[in-house]
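So the structure is just underneath, and the comments pick up after that.
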Amino acid sequence: MSSPFRHSLSRILPLAWPVFIGQLAVLAFSTIDTVLVGRYSATDLASLAVGAAVYMTVFVGLMGVVLAVMPLSGQHFGAGRLREAGDELHQAVWTALMLSLPGLAVLLMPDPFLWIARTSPEVETKIRHYLLALAPALPAALVFTAYRGFNTAVSRPKMVMLLQLAALLLKLPLTALLIHGHGDWLPALGVVGCGIATSVVMWIQVAVTLGITRRDPFYAKFGLHEGRGLHRPRWAAMCELLKLGVPMGCSIVIEVSGFTFMAIFIARLGATAVAGHQLAMNLVSLLFMMPLALANASSTLVAQRIGARDPADAARLGWHGLITAVLLAAVNGGLLALGRQSVLGLYTNDAAVVAAAMPLLVWLWFFHTADAAQTVAAFVLRSYRIATAPMVVYALAIWGVGMAGGYWLAFSRPVEALAGAQGFWAAATVGLVVAAAGMTAVLAWVHRQEAAESARA
């Protein structure tokens, strides 16, 4: 391993591992709800599945917009403009509060989603009540997203990790209590208890975050609490954030919707097929936490070096982060594919479900490797404030190649070996390969432009 590569890793990994653990804690939120509600009632579990899908569709799109604070603050931080970096956080909070209004409207009036789901009246009623209880969590989650993006930008991800772990520790007992109730004084609330618990935990998390930023001397240099409350909204700064954040949010929605509709279409093939698909998606979601952490760390350092006017180091960090993510993904995906029989046995004893999932884990190997490459490349491009081109690449690759191609392979059956769920996984894998190639090509072009400009200067 070359010395420059080792040097890059020594800077990337200390930022990546706290993000990795924090994201696992966030993933555990939904796991807790699923396990506890699954033991309470099948009707409540069905309500949770649809309601959580509605919430996540709304949240991830808005989250992508707010996370534009990360490259913006990162560049200010790298340039030594600390108060400007702090002001970006305030503008991101204003943006989060503004975006929460249309988000809340969707959660409180989810009729289009319910029309698509076509559930029973009992389940529909529970979904509405669950979303009503969960809606207050949205503004808190978006405000915390702004704080998370800022902390990552200024190389302080451990604080976010600790807050996410603390929230998880509070979430588990509170959710169990509200779902099952306690004696005569607290009735069992079922799936509604999940929504209430998440809302309470998210607002406590925001309150603790505010207290930390006020008392921790680290944040004083950013001028976060000069005067009372938030800095006044600056529309120019918010427009700049939206200019970068809207295509970022659209990219995330395209990616999430591609895989959501993949599950919906596979459900037409029967319960066994969709169960096997669900196991494969759960495993790839767990594996994805590692390249996501590396993408966050790499893009943070790249943004800081751009701000410090060191394009060569920025390019080096971006490529080294991408190579590291691809190598780890290839190894982890390969190990999972080779040991897939044993891994699937941990999930279920149903031989039919295991048989349905087995071939999908071979595709998962290549799927995950390509996913790692495109994720890191997309994050690094955001550090250069480039988000529209990746959005176009996502639309063509994930919707055009992945979703449309998967539907054709699965149902038209031009290749019998790729009929059914395998067709969707094959097309989705090719789509991610196309996305990875497109993203890396754009990134290489950006680096050539930066190098040429640096040479002219």
Side-chain angles (χ1 to χ4, degrees), residues 23 26 29 51-74 85-113 130-153 160 163-164 167 195 198-199 201-207 209-210 213 224 229-257 260 296 299 378-379 382 385 387-388 390-391 394-395:
Q23 290 300 317
V26 172
F29 262 58
V54 174
Y55 178 82
M56 288 306 298
T57 301
V58 173
F59 172 67
V60 296
L62 301 180
M63 176 194 73
V65 179
V66 176
L67 277 179
V69 68
M70 193 162 68
L72 297 177
S73 288
D87 186 63
E88 290 288 354
L89 172 57
H90 283 252
Q91 303 310 315
V93 171
W94 280 115
T95 304
L97 295 173
M98 177 184 70
L99 292 174
S100 66
L101 296 177
L104 288 171
V106 174
L107 295 179
L108 297 177
M109 295 178 287
D111 297 86
F113 292 96
Y130 168 68
L131 290 175
L132 181 64
L134 185 61
L138 181 64
L142 291 175
V143 169
F144 186 76
T145 296
Y147 172 80
R148 173 165 67 90
F150 172 78
N151 259 40
T152 304
V160 176
L163 287 167
Q164 289 169 326
T198 300
S199 294
V201 169
M202 290 309 302
W203 277 107
I204 291 175
Q205 190 178 57
V206 168
T209 299
L210 179 61
T213 58
L224 294 181
L230 291 170
H231 297 175
R232 64 179 180 81
R234 292 191 300 109
W235 299 113
M238 292 174 67
C239 286
E240 184 181 18
L241 191 145
L242 290 171
K243 182 179 178 181
L244 178 62
V246 169
M248 284 173 56
C250 289
S251 296
I252 294 174
V253 169
I254 290 170
E255 190 172 10
V256 170
S257 66
T260 300
N296 274 276
S299 64
F379 269 69
R382 292 167 191 170
R385 304 193 184 191
T388 302
M391 179 185 69
Y394 272 128

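Counting from 1, the numbers follow the sequence of the chain as shown.
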Parallel, tilted or perpendicular: ring planes of Phe144 versus Tyr147, cut at 30 and 60 degrees: tilted

Gap separating the [atom1] atom of [X] from the [atom2] atom of [Y], nearest 0.5 angstrom:
{"X": "Met202", "Y": "Leu134", "atom1": "CE", "atom2": "CG", "result": "10.0 Å"}
{"X": "Leu244", "Y": "Thr388", "atom1": "CG", "atom2": "OG1", "result": "8.5 Å"}
{"X": "Leu67", "Y": "Leu72", "atom1": "CG", "atom2": "CG", "result": "11.0 Å"}
{"X": "Ile254", "Y": "Met391", "atom1": "CD1", "atom2": "CE", "result": "6.5 Å"}
{"X": "Thr213", "Y": "Phe150", "atom1": "OG1", "atom2": "CZ", "result": "9.5 Å"}
{"X": "Leu104", "Y": "Leu99", "atom1": "CG", "atom2": "CG", "result": "11.0 Å"}

Looking at [X] and [Y], what are the two nearest heavy atoms and their distance?
{"X": "Gln91", "Y": "Arg232", "result": "NE2-O, 3.2 Å"}
{"X": "Val58", "Y": "Gly103", "result": "CG1-CA, 3.7 Å"}
{"X": "Val54", "Y": "Leu107", "result": "CG1-CD2, 4.2 Å"}
{"X": "Tyr55", "Y": "Ala141", "result": "OH-CB, 3.8 Å"}
{"X": "Thr152", "Y": "Asn296", "result": "CG2-O, 4.2 Å"}
{"X": "Gln205", "Y": "Ala167", "result": "NE2-CB, 3.4 Å"}

State whether the side chain of [X] and the backbone N or O of [Y] hold a donor-acceptor pair below 3.5 Å, judged by distance alone.
{"X": "His90", "Y": "Leu224", "value": "yes"}
{"X": "Ser73", "Y": "Met70", "value": "no"}
{"X": "Ser100", "Y": "Pro139", "value": "no"}
{"X": "Ser199", "Y": "Ala133", "value": "yes"}
{"X": "Trp94", "Y": "Trp235", "value": "no"}

Is any side-chain heavy atom of [X] less than 4.5 Å from a side-chain heavy atom of [Y]?
{"X": "Thr145", "Y": "Phe59", "result": "yes"}
{"X": "Met238", "Y": "Pro233", "result": "yes"}
{"X": "Val256", "Y": "Met56", "result": "no"}
{"X": "Thr57", "Y": "Val253", "result": "no"}

Val160, Val66, Thr209 screened by side chain to side chain contact (heavy atoms under 4.5 Å, CB included) with Arg148, the one that passes: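 Single side chain to side chain contact (heavy atoms under 4.5 Å, CB included) partner of Arg148 among Val160, Val66, Thr209: Val160.
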
Salt bridge (charged side-chain N to carboxylate O under 4.0 Å, His left out) pairs, two or more places apart, involving residues 237-257: Glu240-Arg385

Test side chain to side chain contact (heavy atoms under 4.5 Å, CB included) applied to Met248 and Val65, step by step: CA-CA 6 Å; Met248 284 173 56; Val65 179; over 6 Å; no

Side chain to side chain donor-acceptor pair (under 3.5 Å) partners of Thr198, counting only residues at least two apart: Lys171

ring-ring contact (aromatic ring centres under 6.0 Å, His included) against Phe379, all qualifying residues, sequence neighbours excluded: none

Side chain to side chain contact (heavy atoms under 4.5 Å, CB included) between Leu242 and Met98, intermediate numbers included: CA-CA 11 Å; Leu242 290 171; Met98 177 184 70; 4.2 Å; yes

